[in-house]
Structures are given as structure tokens and as C-alpha cells.
Number of protein chains: 2
Amino acid sequence: MTNGVKHMKWWGWGVEGIGFHHEDKPNFAPFVLDKVGLDLSHAPDKPPSFDEIEVPASRLSDELKSTLVDLLGEKFVVTEDLDRIVHTFGKSVRDLIRMRRNQLKRIPDAVLYPADEDQVRAIVDAIVAADAVLIPFGGGSNIVGSLEPRAWEDRIVVSVDLGRMNRVVEIDDEAGLARIQAGALGPALEEQLNRRGWTMGHFPDSFTHSTLGGWIATRSSGMQSDEYGDIADITRGVRVVQPGRTLVLRPLPSTSTGPSVREMILGSEGRLGIITEATVQVHRLPDERVILAYFFPDWPTGLKAMAAVSKSEAEVIVARCSDDRETAFSFSTQKKQKGVKKYVTEAVFKVLERRGWDLSKLCMSFIGFEGSKEHVKRNKELVKQIVQAHGGMVVGKGPGVLYDQKKFDTPYLRDFLLDRGAAADVSETSAPYSKLQGLYDNTIAAAENAMAEVDCRGYIMCHLSHNYHSGACLYFTFAIADMSDDVLAKYDHVKRAIQQSFIDNDGTLSHHHGVGREHAPWMSQDISPAGEQMIRDLIQAVDPGDNLNPGVIVHDGKPGITVMSADHVDERDTSA
Amino acid sequence: MTNGVKHMKWWGWGVEGIGFHHEDKPNFAPFVLDKVGLDLSHAPDKPPSFDEIEVPASRLSDELKSTLVDLLGEKFVVTEDLDRIVHTFGKSVRDLIRMRRNQLKRIPDAVLYPADEDQVRAIVDAIVAADAVLIPFGGGSNIVGSLEPRAWEDRIVVSVDLGRMNRVVEIDDEAGLARIQAGALGPALEEQLNRRGWTMGHFPDSFTHSTLGGWIATRSSGMQSDEYGDIADITRGVRVVQPGRTLVLRPLPSTSTGPSVREMILGSEGRLGIITEATVQVHRLPDERVILAYFFPDWPTGLKAMAAVSKSEAEVIVARCSDDRETAFSFSTQKKQKGVKKYVTEAVFKVLERRGWDLSKLCMSFIGFEGSKEHVKRNKELVKQIVQAHGGMVVGKGPGVLYDQKKFDTPYLRDFLLDRGAAADVSETSAPYSKLQGLYDNTIAAAENAMAEVDCRGYIMCHLSHNYHSGACLYFTFAIADMSDDVLAKYDHVKRAIQQSFIDNDGTLSHHHGVGREHAPWMSQDISPAGEQMIRDLIQAVDPGDNLNPGVIVHDGKPGITVMSADHVDERDTSA
């Protein structure tokens, strides 16, 4: 990797030297022991060693290699093992476990690093001409299996890494629009925008290791999307290289020109071409920004309060509320408190107990505000009234500041737990407000039942975030304390119960993570068989040769597919 | 029409007994005489007589008729002349002129009135089995040629009128969602919602004579869309009957399930099936509602002020500003003022002149507010500051009340002018704020140049409305004083110049009227040839037999098509 493009570590989230640790969090080990029976005092597994990975040999033909080298230069057609391994998976727990266990089937035969759209065009045409397979790659943070080649793929597979295309090309100050190359990572593009007084306002959990192109290709949401909109709202124009042509959608505030092609590209996960750049809405950096913490006596009350905030005249950038389970987890990750802070915390809890709150049901909420001082002040007041009308309590800035600082570090926890014998991941959905409580209750029950069925101790917790007029997202995090040979089958069993519960309780199979291979089996249940067929036909028309990331979004129904099936756990990896 | 479904008059907008008149508007006749040389003191043409219309005979086969009667009952398979004529066109000036001039080529052979989705399904399957053509019909207010059969169509053509499917089926009070049948007209659905304390907040100019299904099928916007969103935002779930299947999209606040099928149905103008119902966002009726008028010294200032309001922290339901031309037109339609009112008006103008304003450049703006008293008060104040910072002036409530009352009557003006020798219609676009001034200047110049080229006196005027983060809609109204045999060719010449100017100046070919046959020739310029091909392929996959409203959205390239071409005026109606 001498071409300047940096990647996450091959075996886990983020960069070397950063990780979750619990030595300064006295309540964490007892919490984990209590909830899933995992003893954190045991020494963790050593980090995986790359030497132990059996890397399948590259199948790149001399002929295609020579064509690609002519197009990009030798340095940008990479067949080294580490590059190919880094581009094999995303970072779901399924990906991480398979990597740690050396369960590699089909990995890319080469990684290409185009410098500009012309090179992307040349790559697409060369790949299609050679009847090879092409998988676009942004930051590699995907957790739904959108990046891996099909296990049985016998054509040449290349990963096209957009990492060199990372510039903010121009900013239209009057309109508030920025043209940005698709390979720009979150921090890189925000830094370029901030320098000129702008922000895109898009901050998904994966922000530090995901790109504009990846956000568009998966219909990403950010933690401030209540104010700035999801990526679908933010993206106004887009350019996409397709076999033999380039799709150009100019930046328009709104248009009435038939079925929305822009909304076909959003969420297309590489199947309709390679997104090379987008023109996105940008906003002036706010004068003030504050995130406040609130307590609610229980989860049903927290849910109702979030809906009330969303339906009120208050403007917030984020409104989220953790259930009692996630609140307890959060408390377990707090650093040891001393002096005044400790005293204040204890005093608050005493007040709540005097009010008759059952502290084991306590729910923590964060609500954020941005804008002029006056705007922030007024909206804080409006929210305070709603919170108090629901019997909630304003806690203040402290936890909010902490949340704001730590918000991008959560994914490191997955690796920490894997080192210590637990598999954790996330599933999220959205549904109308009227359905959230039922969906939540049934999903918790379905997950716990599934854990019992596979004889695992486990934990599942949830928060509400991303509010819309008619509903919100519920975001579940779950873990099973198991590192047996069967862990993936067990994990699948639980994950499948959760996804099916989403569908059965009027939710969608994903609010913002995308479809990939993991969720593809539920597509016809979510958007009906007719909807799935429309997507299938659209893809088929753009990519008749099945060269563009085949197998994601719509299940291709071949045996041995390395994804979960809605019906058969055994179908996974049967191509082995 | 004995089946209870009411329609607009066959020869013009709206209902009998309502129309534009100028007897109480002393400045109107002089304005029209001055601007386009039309003398309104001449007696107008008599209303067209249905007896003079040569109605082509129905080609409905006995076999298909018998099938349809079995499905729907005799009363709901109508082949009477008046029904078929009413369902031939929308209400564009092109439609009205052709109707008045008896220029009918291919009209529907029957009008079907299904009672429910099962009947719609039966109709679609029967029509496809018979290889006939099906055109869905809502309120018939379309002005881009989405409703007429192709002139050369030699298959049987039926119009499917959704007028009997007009109920609000259920309201989810907790989520703020209402399930409504697609054939419900604006007033009918608002009345049903209002009764339970809700509003959909969607008020297009065509409100009184357009339906929910029509709004979705054309990507409609309402005059309060700044607050309530366009129909694309409002529509959460939808059901669509397609050949051999029914597409079901459940109501979701947001989802990340690949290319958006919901956004494929939006704007599909009947080409992807018949929309039978939708689940839409509804809002509690506001405590207070006020629309205020403002003056700006000139159009560039008005444009800048609208952008500033949109980018500010002020929340408004509508912000529109007329150019000096439309402002002058508005003043010409005012009723005679007397007493105090007259005095106040004159005093205001004197103040402005003392301030150095050139009153011929004056621009009038309306900005609306809804919500709690406190919310309305605060936002009025925020807007006032922005208006004053731009050198504008708060006029007050009077003109706003008038605008609010008259807002749905504008389309009657088209018939009034046709009776008196002028052809008037509208073209609208949207573009980034940074492009609006240039787009405006070049479009006015292009239209005036085109009018000169066809030796017509004419007038064009414009307002800005529908604000988004990055841009807004510009809405042009234009008229040519011509009723010669060539009027449609002349109108086409001007309309074509305007549409081409939109595209050439970074605008879209339509912000909310749709594509139909009129705008289809520009689709590849707007969304690029690749985008047009994606829509074409999608339609082809859903409707391989070309039975669903063929010819709209994507130009089918056959000779003699009765639409404008981007290149050849002569191509129009050559099938005659």
C-alpha cells in the first residue's frame, strides 16, 4: 500500500493503537459477567497474525492485468495479499469472525486505485469487456455484506478503491452546494468544507472510515439527520459510471421528471455502476452546538417523549433515547467518578428514587441543538417543557459532551468482545411511531428466544434515533457469549429472528445500513415481490452481464451463497 | 355520467358558473390592451357547443366490452360521447384549443369506473390480455399531455377513472398517517381529514380538481410545500396494480432497502401501473395561519430575500415573490378601491417613491406562517428582519387574505383569454439559488425572442415559490395574443424556447407538473441519456406489452406524435 490510500486494519475496526478498554471503567467487567457470563479478567486472545492467513492466490489474468496497468499505471493495480485481504469484507461481526478464522473463500484478485472519472470509465469498460466482476470500495465499513465476492465466483474479481478521489472540487456559496469526489472519507471532506466555513452535517457512526460514495450507495443516515436530512436528502446531483455510458444527474433542489433516477442510484450498492462524485447540500457552521442529556422513568415514556419532540415545533439536530438495557450498559462504561461529580451523580439518583422512579428502568436520552444562541436557547426550552410533561428530567451537558466525543468509537467494542469470547453486532429498522413499542417488545422477545434456542447467553439493547414526521429508527445492539465453531450459525439464528421480527411488526429490514447479502433474503417481504422484481429488472438492464457487484440487494438464488437465508440457516457457506 | 363521478367541464377548467371576469377590475382591460394589444371590449367567443364536436366512434370490441361489463357492471363501463371527450385530454392550453377546434384524433373508446382495487386488478389483467391500452385518470387537471392516447394508436383505448375510490380509509392518530384511496379529490380528502382534526397540507393550484393518485403520479407540489413537503415527502406507503401483480410498499418513515421503488412510482404517470391508494403524512390543524404581503424594490432583491429566508432559522409554510411583470399583472386584477383602502394604498406608494423606489420595478411577495400563536409571532419577526435587511417592506395581511381566497381560481383565466383571442399557459422549473437570476434573464429573453420570431405580441411573467435548502422553483406564466389557425405552432415555438432555456441554464424541465408528452423530448437533456434509458428499461420490464399509458415520460420516437419535439415544430400532428 504505497500509493497513499490508507485503510482500516485488516482484522478489525479502525486504526492500530485505538481500541476499547475497560481498565478505567470499574463497572464494565461486572456488568458483562452478570449479563452474559463473560469473565473479562481472563487474558484476551492475541491480535490475529497476518502470517497465519491463507490468502487465496490472485487469478488476475496477464492479459487483463496488462490492460489495467496500461490504464492506471503499475502502482495502482495491486495484487499484494494485504491489499486484497483488506478489500475482501466489510466490518460486520460475520466478516471479522471469518477473517480471524481464516475462512476465506473468494477474495478480490486485484485492487484498482483510479485517479479520476476517466480512469473509472476505462476500468468499467475493461472489466465488462473481460467479463470480470467489479466491486466498488469506499471506506470498507459496510456491515451487511455488500463488499465480498460471491463464494462460487469463477470470473476474475477486482475491487475498485475510490480512495484517491477524495477532493472537494468546488463549493457554490450562494446555493449551499458542494461538488465532492466519491472517495472522500468523512473527516477529509469535513475538513475541506470547514476550512471554508461549511459543513455537510452528515455524521454516521462510521464517519471516520466511510466515504461519500459509500454513504450514497447504502442510503446512509447521520446522527444529526433530524436536522440535515439523510444522505438521500443531502445528495442533489450525482455522476455514475455505468457499462458503456456515464449517468449525469445535475444538482437540482427538486424535480418532477418521472421516476427518480437519483433515488435509483441511492442505495444501489455498486449494482448500477460506480458513483464518482456527488453535489451535496452544505450548511454554514453553526454559532452554537449543544447536546443535552435527559432521563425518563422508563422506555415506553421515553419513546412517547421522542415522538412528542418530533411532532412539536421544537427544532433539534438529534433526539435519541436508550432503553433501560442500553442505559444500564452506558452506565457500565462510565469512568470512575470522583469528588463533586460523584456526589452530584449520587444526589441525582437519590432525587429520582424519592420521586418513586425504579432506577433499573431508567432511560437516558440525548437531544441536540444547533444554530444561533437565541435559536438554541428557545428550542432547549421547548424540549424541556415536553420532557417535563412526560415526567422526564433534564440532566444537563456533561453526558452529552461525553457522548459527542465518543460517538465514533463504538465499533471498536466489537473487536474487544471478539477477543474475549462474544460476538456482537447491530440491526436497525424504522417504523411508524404507533408500531414502535410493539416492534420493540416482539423483537426483544424474538432475540432472547433465539438465543435460548441456540443455548447461548446473550444480551440485546436498543435506542431510538432518527426521527421523522411519522416514525423513527430503532437501533438494536446484541451480543452472544459464544466463540464455538458454530458461533456464526448461532449468530445467524439470532440475527434472522430479529430481522423477521422487524418485517412482522411493520418495520423495514434496514433503516440506514443497506441490504447487501445479509438482508437480501427479506427484500420481497419488505417491498413485496413486485418491488423486488422492479429492482432486479432495473439492475439487469444496466448490467446485463452481471459484472457489477453481483449478488447484493436482490438475492440471486444460487446455491451456496455466503449469506443468511430467511428460511435455511444451513444454506450458508454450503459451497465450502 | 349517472354513476356519481363528477368532472370538470369538457371544454375548460372547473365547473359551470365559475369563471374569471374583469368588470369589477378597472385596470385589467387597459393592462391587457397595453401589454398584448388585446381589446377586451369586443364580445368574447361563445362557449363551445358540444353538438359541434365530431366525436370519433368508440372502437371498443363487443368481446372486451362484455368482459369489462362482467367485471364492473354496465353502469361503470361507459362509452357515451361526453364521458369519452372529458377523458381525452387534460387542461393545458394545447388541450383546450384542440378541443375548441374539434381537432380530435384518438379518444378513449370507453371510460371505466372501478369501485375498488380488486376491480382495478381485474381491469389491468383484462386490458393486457386483450392487448388494449389503459390510461389512468384522476381529476383530469394535467397540463403536460399525460392523459391523451397516441394519435396513431390502433389498439382499443380505455380511460380508467378512479373517481369512485375517494375515501380516507383509516387514520393512524399516533403516527400521523392516513390511508387514502387514490381517486380522492383535494377537497374531498381534506374534508374527511379536517373532520378528525387533520390536514394533509397539500394544496397545488389544481387542488379542487386533482386527486391523490394524480399528485403521486406527477410528483406534485403544493403551495405550502415549504412546510409540509412535496408529495414525494408526504407519500410514505403506496399500492400499485401492475400487469399480473400488485406492488405493495408499506408506510415507512425512512428505509435503506436499495434503489427506492417508492420513488420509481412517484412521477410514473401511469406507466408503471395504477396507483390505488397511498398512506400519507397528515398534520394536526394549526392554531393559527397567516399570509403576509411584502414589497421589494426590484426582482433581484426579491430573489435574494427569498433565498435568505430559506437559509435562515425562520420557518414558513410558503415564501413566494413575483417579478415586476407579475406584480403589475396582479395589480391590474385588483378590484376598484374606495375610501380608506384607496387612501392607504396611495399613501404606501407615495412613501415608496419618496424612498426612491421605481414603482414600475416593484415586486410583491407573500410569506405564510402556521402553528401556535407564539411560533407564528416569532417567525413573522424573523422574516421581517430579513425583509428589512434587504430593503423590503412589510405590507400586511390584506393582500395575503385575498391571495389565500383566490389561489385556486387562476386556471379559469386561461379560458377567459381563449374566449378573447389569447393563448396562455405556464412553465415551471427549479434550479440552485446561484442560477436563478441568470435562468430568469435568459428565459424571459428567449421567450420574447421566440414571440417575435412568430410575429406575436405576448407577455411573460414569473414568480419564485417552493424553497429548498439549495434552490427554488421559478414559475413562468406566458400568453400570446393570437388565435390564428397557426396558434398552436406559435405557442409550441415559444414553449419550446422556454423549456430549452431551463435546461441550458441549469434548471430542470419541470419542478412539479410532470413530463407527459410535452416535456418528454427534453428528458435526455435533463437526466442524461443514461437516465432516460434507465426509466425506459424500467417501464419496459413492468409493461412489456406497452399497454400502460404508452408515450408519456419517455418519448417513443414514432413519427406523427402529437407532442412538441425539441427539434422540429413540424413533427407535431403530422399523422393528420
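Naming: A, B, ... by sequence-line order, numbering from 1 per chain. These numbers come from a predicted model, not from an experiment.
Side-chain contact check for B:P243 versus B:L548: some heavy-atom pair is nearer than 4.5 Å. Within the 4.5 Å cutoff, side-chain heavy atoms of B:V124 are placed close to those of B:I274. Proximity of A:S256 to B:H511: side-chain heavy atoms (C-beta onward) are nowhere separated by under 4.5 Å. Contact of the A:L439 side chain with the A:L474 side chain is registered, since non-hydrogen atoms from C-beta on lie closer than 4.5 Å. A 4.5 Å side-chain heavy-atom check between B:L252 and B:R236 finds every atom pair outside the cut-off. For the pair A:R250 and A:T279, the minimum side-chain heavy-atom distance is 4.5 Å or more. Looking only at side-chain heavy atoms (C-beta outward), B:R271 and B:L538 stay at 4.5 Å or farther from each other. The side-chain heavy atoms of B:V316 and B:F369, taken from C-beta on, include a pair separated by under 4.5 Å.
For B:T255, the parts sitting under 4.5 Å from any heavy atom of chain A are the backbone and the side chain alike. Heavy-atom distances place the backbone of A:V282, and not its side chain, under 4.5 Å from chain B. Looking at A:L247, both its backbone and its side chain come within 4.5 Å of chain B, counting heavy atoms on both sides. Looking at B:M534, the atoms closer than 4.5 Å to chain A (heavy atoms on both sides) sit in the backbone and in the side chain alike. Neither the backbone nor the side chain of A:I231 comes within less than 4.5 Å of any heavy atom in chain B. Looking at A:I553, the atoms closer than 4.5 Å to chain B (heavy atoms on both sides) all sit in the side chain, from C-beta outward. Interface residue B:L272: only side-chain heavy atoms are found under 4.5 Å from chain A. Only the side chain of A:E315 comes within less than 4.5 Å of a heavy atom of chain B; its backbone N, CA, C and O stay farther away. Residue contact with chain A, scored on non-hydrogen atoms closer than 4.5 Å, involves the backbone and the side chain of B:D526 alike. Neither the backbone nor the side chain of B:I539 comes within contact range of chain A, judged by heavy atoms closer than 4.5 Å. Only the backbone of A:A472 comes within contact range of chain B, judged by heavy atoms closer than 4.5 Å. Only the side chain of A:R378 comes within less than 4.5 Å of a heavy atom in chain B; its backbone stays farther off. For B:E532, no part sits under 4.5 Å from any heavy atom of chain A, backbone or side chain. Only the side chain of B:K311 comes within less than 4.5 Å of a heavy atom in chain A; its backbone stays farther off. Contact of A:D506 with chain B is made through the backbone alone, with heavy-atom distances under 4.5 Å. Looking at A:T246, only its backbone comes within 4.5 Å of chain B, counting heavy atoms on both sides. At a 4.5 Å heavy-atom cutoff, the contact between A:I503 and chain B is made by backbone and side-chain atoms alike. Looking at A:E269, neither its backbone nor its side chain comes within 4.5 Å of chain B, counting heavy atoms on both sides.
In terms of non-hydrogen atom pairs under 4.5 Å with chain B, the most contact-rich of A:P529, A:G371, A:G507 is A:G507. Counting heavy-atom pairs closer than 4.5 Å to chain A, the top-ranked of the candidates B:S372, B:A520, B:S268, B:S220 is B:S372. For the set A:M523, A:K304, A:E374, the entry with the most heavy-atom pairs within less than 4.5 Å of chain B is A:M523. The most heavy-atom pairs under 4.5 Å with chain A, out of B:A541, B:G273, B:S260, come from B:S260. With chain B as the partner, the residue from A:S221, A:A530, A:P253, A:A232 showing the most heavy-atom pairs under 4.5 Å is A:P253. By number of non-hydrogen pairs under 4.5 angstrom with chain A, the leading residue of B:V542, B:T257, B:V515 is B:T257. Ranking B:G176, B:G258, B:G471 against chain A, the residue ahead of the rest is B:G258, based on heavy-atom pairs under 4.5 Å. Most heavy-atom pairs under 4.5 Å with chain B: of the set A:G531, A:G514, A:S510, A:C473, this distinction falls to A:S510. Of the listed residues B:P259, B:G267, B:A307, the one with more heavy-atom pairs under 4.5 angstrom with chain A than any other is B:P259. When each of A:E428, A:H512, A:H375, A:Q540 is checked for heavy-atom pairs under 4.5 Å with chain B, A:H375 comes out on top. Contact count against chain B (heavy-atom pairs under 4.5 Å) is highest for A:E313 among A:R245, A:M264, A:E313. The candidate with the highest count of non-hydrogen atom pairs below 4.5 Å against chain A, out of B:I527, B:D230, B:D537, B:L249, is B:I527.
For the atom pair A:I234 CD1 and A:Y228 OH, the distance stands at 9.5 Å (nearest 0.5 Å). Here the CG atom belonging to A:D226 is positioned 7.5 Å from the OG atom belonging to A:S310, to the nearest 0.5 angstrom. The CD1 atom of A:I275 lies 7.5 Å from the CG atom of A:L266; values are rounded to the nearest 0.5 Å. Rounded to the nearest 0.5 angstrom, B:M306 CE and B:I386 CD1 are separated by 9.0 Å. For the atom pair CD1 of A:I216 and CZ of A:R262, the computed distance is 10.0 Å after rounding to the nearest 0.5 Å. Here the NE2-OG distance, from B:H519 to B:S427, works out to 5.0 Å after rounding to the nearest 0.5 Å.
Close approach to chain B, defined as a heavy atom under 4.5 Å from one of its heavy atoms, is seen in A:S430, A:A431, A:P432, A:Y433, A:S434 of residues 430-437 of chain A, taken by number.
Using modelled atom types, one finds a donor on one side chain and an acceptor on the other under 3.5 Å when comparing A:S225 with A:H466. In summary, the side chains of A:D233 and B:Y468 do not present any donor paired with an acceptor at a separation below 3.5 Å, with no hydrogens or angles considered.
Looking only at distances, a side-chain donor or acceptor of B:R536 sits under 3.5 Å from a matching main-chain atom of B:H555. Listed for the B:Q281 side chain is no donor-acceptor partner under 3.5 Å among the backbone atoms of B:L177.
Using bins of under 30°, 30° to 60° and over 60° for the plane-to-plane angle, the ring pair B:H513/B:Y475 lands in the perpendicular bin.
Ionic pairing of A:D173 and A:R284 is present here: one or more N-O contacts between side-chain nitrogen and carboxylate oxygen are shorter than 4.0 angstrom.
Note: A:H469 and B:H283 meet the aromatic proximity criterion, with ring centroids under 6.0 Å apart.
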